[in-house]
Amino acid sequence: MTSSPSAILRDVAQTANAGYSQPADILVSLSEASLNAFLRKHYDKNSDFYDRSRSKQPDQPVYALEFDDHGIKRRIRFWAKVAHAQGREPIAIDLKQVAASNTRFRAWWKATKGNSPKATSKMPPNVRIDIPSIVLQVNFPKLDNPGNTSPAPEHQIDFDYSISAQCFVMVKRNVAGEDELTLHDWEITITPNNDPFTPDAANPVWGRPNQTCEADLKKLRVLVRDAFTMGANVALTDLAKKLALKLRLPPLNVISGIKIAPRELIVTDDAIALSANVHPTQLAAKAIEIYRTEMRSVFEGLSERQVSEILSNAPKEDKKRVEYFRQKLPGVARLNDKFTALSTGRAGTRKPDPLAATADLAVGISGNVFDVLAKEWLKVDVSECSPWDGVDIGVGYARGRGCYWFSLRNANGGLNGTTPFMGCDVAAGGQLNLEACLRDPCGDSHCATWNPGIGLRGPLKVELKVSTSSWDDNRCLKLSLHVDRFPGLEVYGLPEMVEDLVNAILNFISEIAFKAWVNALLTMFQVYIVEVPLRVPGTNVDVKLSRFTVGSSAGMLIVTGTITYS
């Protein structure tokens, strides 16, 4: 009886967390049925991988032996092809854990590794690969070639065998630095399906021999059979090793936006499962670069004088100011349009469907993952200065700029049943550099300077929402950012003569710089937490996930899906 995804992950969690002070952050499970569906599709779409026959690759035998026969060079060549036996899958994986197999594996490990594993030692998990029908094709020379024709004539004979390859599965890092499942053989059994060299007198290949020499003929047949069997073992064992090494399996690293550090690979009778801890990727540098790009595009093609005039003449009222910037600054109009587009249509949540009774893929995510993500992602700081701005006040003039910073603080995240949460506070501050001068017709102007501080008028929250709705191109659990309405900035103790200048600077910080920063955050968080590749790497097999369900088990959020391979 196949276990449910939640039961599998619950059992896997117990095994994966044994001996660790902290529970695993992530559990990913692939069912045996899904693995076999993938292998069948892989067989259908990668014929060259399974067909090494003499007709397909005449110059590339699986195995060849050359020898000198009294000055004549001769050769024996072996080809092979995985066939599709009637009523059987051409290649299949069996995850059932058998005690006798595990005992033999420990003995093999001791013989090859040189160290004897303890009874309590964790050994690599075992799997079995079955190939019910593999046709071995043998070409060997005919000894009678009276015309010395070239190429020399050869005998051709085909044998049908079955292969059972005991393997252990491991997580191995490939040349691209990605973790992937790999198979390593440790015991290969080859069994003839129909042996034409069977020395039975009833074998129609031989016919009924003369009774006077039957014993000698049987002896000769045994010698021939054993010679070809040894050749078959060498050739097919080599082929099975290569199949095991090169056979790709669907990936288990399906958490996007972060790297996972694999911890335990566990094989049950129903599934292969991987436990892992999160290894966050810092996104702050990415957000800051997006912010700087946004700011460069706002005043593209304008001189400092043009910028100063536009900012100084901006209306004080919010609605009028937005429309004013739209008309005067195309870059600000684009900034506002992007801000509106990114701020609307944000992901929401719905009442989740119950967990499916069976599933091909199951992903368990602990609340700690969301807390780690929040603390790692929600700490993007920027600090800049606005352009210098100036105003004429009749009897004098003034100029100034604002040096400001925006920062995300107090990030936290977790899991409330099946609802993830992540959020933080926004802090903002800075300082104004102001200078006001009165003109003196008889001499130098008289100037005064101020450097007051600026800050937010009220609290401002940022929330990362996670939608739990469906599979979207093999992705789910979409992250999106919600930012509270901007409360505005405040400055205290300013003389009236620079009030317009201060308003212009604050307008720049709140209407342009803040929106550029939020746009950077909104752009960065248009991501999905779970993302399964649309194609298994290194194969021609595409992957499509459907039947999204979500629930909770073992203190984890669990999402499941059905996999279709094409």
Side-chain angles (χ1 to χ4, degrees), residues 39 42-44 46-86 88-93 128-145 149-167 183-200 203-206 219-248:
L39 291 176
H42 189 269
Y43 177 84
D44 292 341
N46 296 273
S47 60
D48 289 345
F49 186 81
Y50 297 95
D51 189 348
R52 296 282 302 277
S53 62
R54 64 168 75 92
S55 61
K56 188 86 170 183
Q57 302 185 38
D59 299 323
Q60 295 181 356
V62 174
Y63 182 75
L65 174 65
E66 294 187 355
F67 57 95
D68 188 284
D69 180 12
H70 298 87
I72 301 175
K73 290 187 176 181
R74 303 190 189 278
R75 62 181 179 178
I76 301 176
R77 292 176 294 169
F78 297 83
W79 290 266
K81 176 182 179 180
V82 176
H84 192 177
Q86 187 174 3
R88 301 284 301 276
E89 292 297 340
I91 181 170
I93 190 168
R128 191 178 82 236
I129 302 294
D130 289 325
I131 302 176
S133 176
I134 185 165
V135 178
L136 181 70
Q137 301 173 329
V138 186
N139 282 22
F140 57 98
K142 289 183 177 181
L143 298 183
D144 52 337
N145 185 18
T149 58
S150 180
E154 292 181 314
H155 295 288
Q156 294 186 356
I157 190 167
D158 293 356
F159 303 89
D160 190 6
Y161 290 89
S162 63
I163 293 179
S164 177
Q166 295 283 354
C167 304
L183 292 171
H184 305 265
D185 67 275
W186 62 271
E187 181 181 81
I188 296 175
T189 304
I190 298 171
T191 307
N193 289 332
N194 51 7
D195 189 351
F197 286 145
T198 299
D200 188 344
N203 186 347
V205 172
W206 300 109
K219 182 178 179 181
L220 176 62
R221 293 168 186 172
V222 170
L223 290 174
V224 173
R225 181 200 64 185
D226 290 349
F228 276 96
T229 300
M230 285 188 289
N233 281 330
V234 171
L236 294 182
T237 297
D238 183 67
L239 179 64
K241 286 176 178 289
K242 291 176 180 177
L243 281 176
L245 280 173
K246 294 183 179 180
L247 187 62
R248 294 295 186 104

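What you see is a predicted model; the values in this text were computed from it and never measured.
Listed here is the closest heavy atom pair of Asp48 and Gln57: O-NE2, 4.0 Å. Here the closest non-hydrogen pair linking Ala80 and Val62 is N-CG2, 3.8 Å. Between Ser164 and Arg128, the shortest heavy-atom contact is OG-CD, 3.2 Å. In this structure, Asp160 and Ser133 approach most closely via the heavy-atom pair OD1-OG, 2.9 Å. In terms of heavy-atom proximity, Arg77 sits nearest to Ala64 at CG-CB, 4.1 Å.
Among residues two or more places apart in sequence or in another chain, the side-chain contact (heavy atoms from CB on, under 4.5 Å) test is passed with Pro90 by Arg40, Tyr43, Val82, His84. Residues meeting the side-chain contact (heavy atoms from CB on, under 4.5 Å) test with Asp51, sequence neighbours left out: Ser53, Lys56, Lys81.
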Criterion side-chain contact (heavy atoms from CB on, under 4.5 Å) on Arg54 and Asp158, from CA distance to verdict
CA-CA 11 Å; Arg54 64 168 75 92; Asp158 293 356; 3.2 Å; yes
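No donor-acceptor distance shorter than 3.5 angstrom exists from the side chain of Glu154 to the backbone of Asn139, with no hydrogens or angles considered. Checking side-chain atoms of Asp185 against main-chain N and O of Cys167 turns up no donor-acceptor pair under 3.5 Å.
A 4.5 Å side-chain heavy-atom check between Tyr50 and Ile131 finds every atom pair outside the cut-off. Using a 4.5 Å heavy-atom cutoff, the side chains of Trp79 and Pro61 are in contact.
For the atom pair Ile134 CD1 and Thr191 OG1, the distance stands at 12.5 Å (nearest 0.5 Å). Here the CD-CD distance, from Gln137 to Gln156, works out to 8.0 Å after rounding to the nearest 0.5 Å. Note that CD1 of Ile76 and OH of Tyr63 are 9.5 Å apart. Values are rounded to the nearest 0.5 Å.
Ring-plane geometry between His42 and Phe49 is classed as perpendicular, the angle between the planes exceeding 60 degrees on a 0 to 90 degree scale with a lower cut at 30.
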